[in-house]
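For reference, the structure is listed below as structure tokens.
The shown structure was predicted, so the numbers you read here are calculated from the model rather than taken from an experiment. We name chains A, B, ... by the order of the sequence lines, and we start the count at 1 in each one.
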Amino acid sequence: MDKTYQPQAIEQRIYDRWEKSGYFAPQGEGAPYCIVIPPPNVTGTLHMGHAFQDTIMDTLTRYHRMKGDRTLWQPGTDHAGIATQMVVERLLNAEGKSKHDLGREHFVARVWEWKEESGGLIAQQTRRLGASVDWSRDRFTMDEGLSAAVRKVFVQLYDEGLIYRGKRLVNWDPKLHTALSDLEVLTDDEDGHLWHFRYPLASGDGHLVVATTRPETMLGDSGVAVHPEDDRYRHLVGQEIILPLVGRRIPVIADDYVEPEFGSGCVKMTPAHDFNDYEIGKRHNLAMYNIFTDDAALNDEVPERFRGMERFAARKAIVAELDELGLLEKVEDYVVKIPRGDRSGVVVEPYLTDQWYVKIEPLAKPAIEAVESGRIRFVPENWSKTYFEWMYNIQDWCISRQLWWGHRIPAWYDDEGNIYVGDDESAVREKYQLKSIALRQDDDVLDTWFSSALWPFSTMGWPEKTDELQQFYPGSVLVTGFDIIFFWVARMIMFGLKFMDDVPFREVYIHGLIRDQDGQKMSKSKGNVLDPIDLIDGIDLESLVEKRTRGMMQDHLGPKIEKATRKHFPDGIDQFGTDALRLTFAALATTGRDIRFDLGRIEGYKNFCNKLWNAARYVLMNTESLDTGDVKFSSADRWIKSQLNKVTADMHQHLSAYRLDLALHSVYEFTWHEFCDWYLELSKPILQSDDSSDAEKRGTRQTLIEVLETILRLLHPLMPFVTEEIWQAVAPRASIAGDTIMLRPYPEVTPDAEDAEAVADIEWVKQFILGIRQIRGEMDISPGKALVVILQGASESDLRRAATEENLLRRVGRVESVSTLDAGEEPPAAATALLGDMRLLVPMKGLIDVDAERTRLTKQLDKVKAELERSNNKLGNKNFVNNAPPDVVTQERERIAEFERTIAQLIEQIGKLDELV
RNA sequence: GGGCGAUUAGCUCAGGGGUAGAGCGCCACGUUGACAUCGUGGAGGUCGCAGGUUCGAAACCCGCAUCGCCCA
């Protein structure tokens, strides 16, 4: 074995072997355990969020696989309608072509080409993370089988009246020319204006003032609304307004929706271009004037001089004209909520179009009930509130998109516009008994999330009744970010209940978002994106700068990003390896909060990999001559096995509760600070001393290899590569058969391993050595210098331990000799450490500075005095003594007694020092 | 406007009615036959502020402040 751990030499080789050997496929006869991967965009690349999520899922998967469950982690990718289509359109644009030049069929073919070309990348990157997904079952949302599932669901929902086509106001993206669901629209505060216009009354008696943030929509106004109780305007309700610039007569109506305090208390009504106005318009039968083209330019509905104007140009022109006419009362600065398409970034326009909708309420009801009743549990629990909040206020889901890339809607129209829905054209003809009439398929495709909603069962072969469905539906847990609870989680629950008659998973583990070191969201335009692969393989500064500034949409950000990158990563990024990255994610995977990715921590976990590596080297070096024969276990052997048992219990507890951070913390602490720091050191005296018997040496060698092998299995779900690599060398030594650690059983708790006596003995040894080390450290005595130690006030058990463990004390504590003070014998001038009631004396002769020792003891004394005072105050309080639980009071009394003994000893010892001066 | 979360050591974060924790960073010493990606010792915090409950609050409750997110 190399002296240091070199991840890059190992990881890919190990993964290839795992995959080729078929270890990732479900096996055995255990209880089924299943996670479906949230399918990433097939043409995308791996980002920190994926890496984090994959780490969590892989850890759970490996844990359950080792526990003997029949475990499936179902992989796959998503066609990501809008995102993918946009990328390919951009590629075409770069060639000077548009999708219309190619036509639908060729364009879609081109997207498939792009998918084949780039589709392997994210899968390759996922492999680098060590993800143990069953690649043999890889699925894509536009595979034939999954597409058939989509059609079946659509047809059935349509036949049941749960999908309908309707003309309604939708969020229209004028750049992408498609409708969007509410969820795909992001609303943000932006600086804008509030324009106050005068609308003349038809009667000629003056005007009303209306305020608007969107002057261009006034060309589509079909009314003015006031509050029914507003005395200022009550008498005007029912009268008419002459709409300026247009000349249309429009009514004044009264509606509760109007807030009298806002602006003038009069609101212009544009029912075809505003969601609130639309609702009010319907209540009052107002006309709906659609004034936009699908590019959001003005159409032929408006006066000729405005036609063809782009919406923001039109805004200027309209304000200018009204101003000229003396109808502009004032303009105020105003913060406006601006809705933008999450993909295009352009302002979304409420737009009247024909779209397909899912009638959601009948589906939402059981989905709410499933969470209320606990059939599905959110972890952490409070995310269920977010879920309920949305589900109670859910709106019908607009599922049609005016795109070419996606599942084409299985609906056909005849020349009269009648709708026929079925699996394909011939099925439709048969179903509706249509003979020779012409049919034309709907041009639209379905929202990407429609197929994602079927993922937990479509990947298992639904609608066929497959073995997989039988075994792996419902899944065990869904692991995802809170940002897609609405997009995806809720919809899977609704469709799962509808089509499988059962929930799609029993638990939903919601993790936080990965942010940068300053808590900022990682984004290309901020230039703060970290690529998980760069953390694994490392990257030099110049490449990192180049990567972060390449292909910027806004060129002016480049220099800023470059500067920040050079500042944060002056030496680029080191190579940390996959295991270190995974450990970092696990450590940060605390519930209910976002994660600032901290480079400092990944370095620490790389060191942990190295620590484990070197511990293994030590164990292997010392177990070459494992033979059979009598075995005797030392107290150190029994102690470490007892401690190991506790960590094992911790791991089961924390991993079952999705607390990867606590699990890691526990096993890290044990491995480094108990196994390496203490046990390996305590094993050396036994193995290297001629005084130990062969049986004792055998006991320690056996324990070394046994505990190490168990640690590897405990750690494997968290850090699969290094544990496998080491295990390959360790297993034969431990006489363990098996080709891979990943299919070995996860360690179980064995109550027999607990050994309170050994734990107490070794705890005593540790305290002894720590006391000596403290003297050494604070007295500046070189670590190499062996010290003479005299015991004063030793009890019988102290004497027993000093005798049995003398070898450990000498070698690990670097103690030259341990002797006891005879009764009545005067102790020499010495530095002191306390071990219970016993004093450890290190004679000073030329070694120790009296003043320094006095300072050191005084410092200890002050500390204990402070503690004593606090405890005395407590016990002096009658209320405490009367009300606190008896064991707490007893414990406090014991502490006081101990403090007092310690103080007495320290004072005595300080007195001794003073005599010397 | 409604809701959720956060505020603990210089930094990143655990914890949680009775003794304040980790990693990194910092200081000092050290090449001891696993590991300098290391070892040993040490410094460092009135747990955001103000009330309340309690014998006892960093923790529970109420309010406030700051930051972040979600929904309107």
Side-chain angles (χ1 to χ4, degrees), chain A residues 1-6 182-183 186-187 275-276 337 380 382-383 385-386 388-390 393 482-483 485-486 512-513 515 517 519-521 574 576-577 580 583-584 587-622 659 661-662 664-666 668-669 672-673 676-677 680-681 683-684 688 704 769-770 772-786 811-812 814 856 859 863 866-867 870-871 873-885 887-889 891-892 895 899:
Chain A
M1 278 172 91
D2 290 341
K3 200 168 172 184
T4 54
Y5 173 55
Q6 304 293 344
D182 296 345
L183 290 173
L186 303 175
T187 306
F275 286 99
N276 290 315
K337 308 280 180 196
N382 57 311
W383 286 110
K385 279 193 190 172
T386 307
F388 289 134
E389 185 67 24
W390 190 65
N393 299 301
F482 59 82
D483 48 332
I485 291 178
F486 306 145
L513 242 48
R515 299 175 173 277
Q517 65 283 343
Q520 298 288 311
K521 216 166 170 173
D574 274 354
F576 294 111
L583 290 175
T584 310
L588 294 173
T590 61
T591 50
R593 89 140 115 197
D594 286 352
I595 288 140
R596 294 190 192 203
F597 194 82
D598 181 16
L599 266 191
R601 289 189 82 145
I602 193 171
E603 193 161 354
Y605 289 114
K606 183 188 177 190
N607 295 350
F608 180 65
C609 295
N610 192 57
K611 188 75 180 175
L612 182 67
W613 182 258
N614 277 290
R617 285 181 63 222
Y618 169 81
V619 172
L620 290 169
M621 273 178 215
N622 282 286
R659 291 303 304 267
D661 59 326
L662 299 181
L664 172 60
H665 184 257
S666 179
Y668 176 104
E669 164 72 24
W672 197 314
H673 299 302
C676 291
D677 286 353
L680 295 191
E681 295 308 317
S683 73
K684 289 174 187 174
Q688 294 162 8
L704 277 171
I769 292 170
L770 286 171
I772 301 301
R773 277 182 189 164
Q774 198 176 32
I775 290 173
R776 200 192 289 281
E778 293 196 33
M779 293 292 109
D780 270 343
I781 300 168
S782 102
K785 170 83 185 161
R811 299 286 297 270
V812 182
R814 303 237 143 216
R856 194 177 73 88
K859 200 169 76 182
K863 233 183 220 169
E867 299 257 29
R870 203 154 51 177
S871 292
N873 288 343
K874 257 191 183 173
L875 278 172
N877 182 346
K878 273 203 188 93
N879 289 323
F880 172 72
V881 180
N882 295 336
N883 295 322
D887 54 318
V888 172
V889 178
Q891 188 194 335
E892 206 61 39
R895 291 187 62 200
F899 291 150

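A salt bridge does not link Lys606(A) with Glu603(A): every distance from a Lys NZ or Arg NE/NH1/NH2 to an Asp or Glu carboxylate oxygen is 4.0 Å or more.
One interatomic measurement links the two molecules: CD of Glu669(A) to C1' of A14(B), which rounds to 13 Å at whole-angstrom precision. Here C71(B) presents its P atom at 11 Å from CD1 of Ile485(A), a figure rounded to the nearest Å. For the pair Asn607(A) CG and G23(B) P, the interatomic distance rounds to 12 Å; values are reported in whole Å. Rounded to whole Å, atom P of C29(B) lies 19 Å from atom CD of Gln774(A).
Phosphate proximity of G21(B) to His673(A): absent, as no side-chain N or O sits under 4.0 Å from OP1 or OP2. In terms of phosphate contacts, Lys785(A) brings no side-chain nitrogen or oxygen within less than 4.0 Å of OP1 or OP2 of G30(B). Between U54(B) and Asn883(A), no contact under 4.0 Å exists linking OP1 or OP2 to a side-chain N or O. The phosphate of U12(B) (OP1 or OP2) has a side-chain N or O of Arg596(A) nearer than 4.0 angstrom. Taking side-chain N and O atoms only, Lys606(A) has no distance below 4.0 Å to OP1 or OP2 of U37(B). For A34(B), the OP1/OP2 oxygens have a side-chain nitrogen or oxygen of Lys684(A) closer than 4.0 Å. A sub-4.0 Å separation between OP1 or OP2 of U32(B) and a side-chain N or O of Arg773(A) is absent.
Contact annotation for Cys609(A): no contact, since no heavy-atom pair falls under 4.0 Å across all strands. Contact annotation for Thr4(A): base contact, defined as any heavy-atom pair under 4.0 Å involving a base atom.
Considering all non-hydrogen atoms of both residues, Leu680(A) and Val619(A) come closest at CD2-CG2, 4.3 Å.
Judged by distance alone, the side chains of Asn614(A) and Arg617(A) do bring a donor and an acceptor atom under 3.5 Å apart.
Summarising the base pairing, A59(B) is matched to no nucleotide, lacking a Watson-Crick or G-U wobble pair whose two defining distances lie under 3.5 Å. Using Watson-Crick or G-U wobble geometry with both donor-acceptor distances under 3.5 Å, A36(B) finds no partner in any strand shown. Pairing for G23(B) goes to C11(B), judged as Watson-Crick or G-U wobble with the two contacts each under 3.5 Å. In this structure, U66(B) and A6(B) make a Watson-Crick or G-U wobble pair, each of the two defining distances being under 3.5 angstrom. Under the Watson-Crick and G-U wobble criteria, each requiring two contacts below 3.5 Å, nucleotide G44(B) is left unpaired.
Each of U19(B), A34(B), C13(B) was ranked by its minimum atom distance to the side chain of Lys611(A); first place goes to A34(B). Of the candidates G41(B), C35(B), A43(B), the closest approach to any side-chain atom of Lys859(A) belongs to A43(B). Of the candidate nucleotides U37(B), A72(B), G18(B), A72(B) has the atom nearest to the side chain of Lys337(A). Counting only heavy atoms from C-beta on, Phe486(A) has its side chain closest to C71(B) among C71(B), U12(B), G5(B). Picking from G41(B), A20(B), G68(B) the nucleotide with the shortest atom distance to the side chain of Glu778(A) gives G41(B). Proximity note for Phe880(A) (side chain, C-beta onward) versus C70(B), A34(B), C55(B): the nearest is C55(B). Residue Lys863(A) has its side chain nearest to A43(B) when only G15(B), A43(B), C35(B) are considered. Of the candidates U37(B), A22(B), A34(B), A22(B) carries the atom nearest the His665(A) side chain, counting heavy atoms from C-beta on.
Here Ile485(A) contributes atom CD1 and Trp390(A) contributes atom CH2; the two are 10.5 Å apart, rounded to the nearest 0.5 Å.
For the pair Lys684(A) and Tyr618(A), the cation sits on the ring face: its NZ or CZ lies under 6.0 Å from the ring centre, inside 45° of the axis.
Between Phe576(A) and Tyr605(A), the ring centre distance reaches or exceeds 6.0 Å.
C62(B) and U53(B): their C1' atoms are spaced 10 Å apart (whole Å). Going from the C1' atom of C49(B) to that of C67(B) covers 15 Å, rounded to whole Å.
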